[in-house]
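Notes follow once the structure below has been shown.
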There are 2 protein chains.
Amino acid sequence: MSLREKKKIETRNKIFEVSGRLFKEKGFENTTVDEITKEAGIGKGTFFNYYPTKEALLVDFVKQKEELVYDLVRNELKKNIPVREKIKNVLVLVARSNEKDKEMTRLYVFEYLRHYGYEERKSHSLNLIIHDLLEKSAEKGEVKKGIDIKKAADILTATYFHSLMEWLWSNTDISFSEDISGKIDMIFDGIGGSDLERKK
Amino acid sequence: MSLREKKKIETRNKIFEVSGRLFKEKGFENTTVDEITKEAGIGKGTFFNYYPTKEALLVDFVKQKEELVYDLVRNELKKNIPVREKIKNVLVLVARSNEKDKEMTRLYVFEYLRHYGYEERKSHSLNLIIHDLLEKSAEKGEVKKGIDIKKAADILTATYFHSLMEWLWSNTDISFSEDISGKIDMIFDGIGGSDLERKK
DNA sequence: GGTCTTCTATGACCATAGTCTTATATGACC
DNA sequence: GGTCATATAAGACTATGGTCATAGAAGACC
């Protein structure tokens, strides 16, 4: 590795480390780019050579966090259990990981939404995972025949995010992971009454 | 009405009118508060006497739009048809209204999320409407007995918003109102296979 | 080890949202 | 209709994210 490359990595790490500390200490909004660069011992312009905006830092923080969770998720995916349970477990895992750092999650969800779609509209990775699980289990009859898998995956993903947001902005300490679990069951079983009930 | 009150209303209207025109002409981001105040013939400070932030303007625009839709919605609510249809129709109505002005909807959704929960966490009015509909129809057997109505309403609302966002940030011109319609059916019927199917 | 090219760092500079102090217009009261 | 209190207007000023032209460091080539 060339000296140039080494220095680049060093600078990037320094920015990442310093800003992480400052965000924890005083929050994202209350930390200025000036402070970060002063503390990191670099010029202000240098910061923007590494991150196009202050918000772009959040993406890195989340990537770091995601790596940890996805190890657990991959592990869960290997298990031989019904899809419904598997989806539940995966979402609960991710939920738990988010529960660990409410502010960072809030910032990121927000940032994610802001840039949602400016890039090449890859779906959220959770949606992909769920889509995949549903597809594989469709053959086993765990999912209704002839159903539109994409729509089903969307409903599950939507419910996950909605619960996440409900939790993120609530002050009460309701458990996000428990909430999502119950909702998944409802989605599988349906909320409509049977014809039998309706005729009563 | 005193002269003071009259002038206040006049100023507010002027700001509203001018900014609406400028946003349409050049987009929200590309319009500065300076421009708005220059064009409206008021001082910059005055603007902030009426709206705490530039974004606060969006709330007023959406209120205006909502008033139009809610007339239609109220009308729909009176009809004597199955809940499933009613919910579908209401969501499609709101969806259609959003389809009319994609940029404004996008800006507002974003702004709504930013301040989500800073206020007194009243649920989104759509959620309330759906919750209400489900509750009333629970007795008729149109909804499964003993189901958690709040969770059910959440799933429907979540799905609505997810479809909305999917549409908002997509470039393709898929119809948002059609998409949501199909998803509502799935939520009522459930996506899980029957025990019978599973045993095959 | 000198020279030339290219990549990186730098901070003065710019744009713009939002604040704050001061001036002015309005209305209440005599 | 004069005087005082108060609501509102105003715009100079501040804070901060982001740009850009220039200087300097690293590497390539002889």
Side-chain angles (χ1 to χ4, degrees), chain A residues 1-23 25-61 107-108 110-115 118-119, chain B residues 1-23 25-61 107-108 110-115 118-119:
Chain A
M1 188 186 294
S2 70
L3 181 51
R4 237 178 212 166
E5 280 178 279
K6 255 189 255 173
K7 285 204 172 170
K8 255 177 104 166
I9 291 171
E10 214 171 277
T11 306
R12 190 181 193 87
N13 285 344
K14 189 78 190 169
I15 294 174
F16 188 68
E17 178 224 305
V18 167
S19 58
R21 204 180 67 239
L22 289 177
F23 291 166
E25 268 172 41
K26 8 189 317 185
F28 181 77
E29 302 280 355
N30 298 322
T31 304
T32 67
V33 175
D34 268 319
E35 282 176 289
I36 295 170
T37 54
K38 284 261 161 49
E39 192 115 346
I42 59 171
K44 188 173 179 180
T46 307
F47 178 92
F48 291 98
N49 287 339
Y50 289 86
Y51 294 94
T53 65
K54 184 182 160 189
E55 280 78 17
L57 269 168
L58 294 171
V59 177
D60 267 19
F61 284 115
L107 287 170
Y108 179 65
F110 186 56
E111 199 45 34
Y112 173 74
L113 291 171
R114 187 206 286 274
H115 294 298
Y118 289 176
E119 302 128 62
Chain B
M1 187 187 294
S2 71
L3 181 52
R4 236 179 213 166
E5 282 178 277
K6 255 189 255 174
K7 286 204 172 173
K8 253 178 103 165
I9 291 173
E10 213 172 278
T11 306
R12 191 180 192 87
N13 284 345
K14 189 78 190 168
I15 295 174
F16 189 67
E17 178 224 304
V18 167
S19 57
R21 203 180 66 240
L22 290 178
F23 291 166
E25 268 171 42
K26 7 189 319 185
F28 181 77
E29 303 279 356
N30 298 321
T31 304
T32 67
V33 175
D34 268 317
E35 282 176 290
I36 295 171
T37 55
K38 284 262 161 49
E39 192 113 349
I42 59 171
K44 188 170 181 183
T46 307
F47 178 92
F48 291 97
N49 287 338
Y50 289 86
Y51 295 94
T53 65
K54 183 182 160 188
E55 280 78 18
L57 269 168
L58 295 171
V59 178
D60 268 17
F61 284 114
L107 288 170
Y108 180 65
F110 186 57
E111 198 47 32
Y112 173 74
L113 290 171
R114 188 206 286 273
H115 295 298
Y118 290 175
E119 301 129 61

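Values below: all heavy atoms of this structure, side chains included; hydrogens, waters and symmetry mates excluded. Naming: A, B, ... by sequence-line order, numbering from 1 per chain.
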If you check every side-chain atom of Leu3(B), which of dT26(C), dT8(D), dA26(D) has the closest atom? dT26(C)

Checking dA26(D), dA9(D), dT26(C) against the side chain of Asn49(B) (C-beta onward), the nearest is dA9(D)

Please examine the side chains of [Y] and [X], heavy atoms only from C-beta on, and report whether any two atoms are closer than 4.5 Å.
X	Y	answer
Asp34(B)	Phe47(B)	no
Tyr51(B)	Val33(B)	no
Thr37(B)	Phe48(B)	no

Would one find a side-chain N or O of Tyr50(A) under 4.0 angstrom from OP1 or OP2 of dA9(C)?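 Yes, because at least one side-chain N or O of Tyr50(A) sits under 4.0 Å from OP1 or OP2 of dA9(C).
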
Within less than 4.0 Å of OP1 or OP2 of dA9(D), is there a side-chain N or O belonging to Thr11(B)? yes

Starting at atom [atom1] of [X], determine the distance to atom [atom2] of [N], rounded to an integer number of angstrom.
X	N	atom1	atom2	value
Glu35(A)	dG17(D)	CD	P	9 Å
Arg12(B)	dT8(D)	CZ	P	12 Å
Leu57(A)	dG18(D)	CG	C1'	14 Å
Arg4(A)	dG24(D)	CZ	P	16 Å
Lys8(A)	dG27(D)	NZ	C1'	14 Å
Glu5(A)	dA25(D)	CD	C1'	15 Å
Ile15(A)	dA9(C)	CD1	C1'	11 Å
Lys26(A)	dA15(D)	NZ	C1'	13 Å

Rounded to the nearest 0.5 Å, what separates atom CD1 in Ile9(B) from atom OH in Tyr50(B)?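 Ile9(B) CD1 to Tyr50(B) OH: 9.5 Å, rounded to 0.5 Å.
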
Which atoms of nucleotides 16-18 of chain C (N or O only) lie under 3.5 Å from a protein N or O atom, and what are those distances?
residue : atom : partner  : partner atom : Å
dA17(C) : OP1  : Lys54(B) : NZ           : 3.4
dA17(C) : OP2  : Val33(B) : N            : 3.0
dA17(C) : N7   : Lys44(B) : NZ           : 3.0
dG18(C) : OP2  : Lys54(B) : N            : 2.9
dG18(C) : N7   : Lys44(B) : NZ           : 3.3
dG18(C) : O6   : Lys44(B) : NZ           : 3.1

If dC30(C) has a Watson-Crick or G-U wobble mate with both distances under 3.5 Å, name it; if not, just say none.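 Paired with dC30(C), as far as the under-3.5 Å criterion goes, is dG1(D).
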
With a 4.0 Å cut-off, would you call Arg21(B) and Glu25(B) a salt bridge?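 The answer is yes: the pair qualifies as a salt bridge.
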
Please name the pair of heavy atoms, one in Phe61(A) and one in Ser19(A), separated by the smallest distance, quoted to 0.1 Å. CZ-OG, 3.8 Å

For a quick check of understanding: with a heavy-atom distance under 4.0 Å over all strands, which category does Tyr51(A) fall into, base, sugar-phosphate or nothing?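 Here Tyr51(A) touches no strand at all.
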
Quick one: does any side-chain atom of Lys14(B) pair with a main-chain N or O of Gly41(B) as donor and acceptor, under 3.5 Å? no

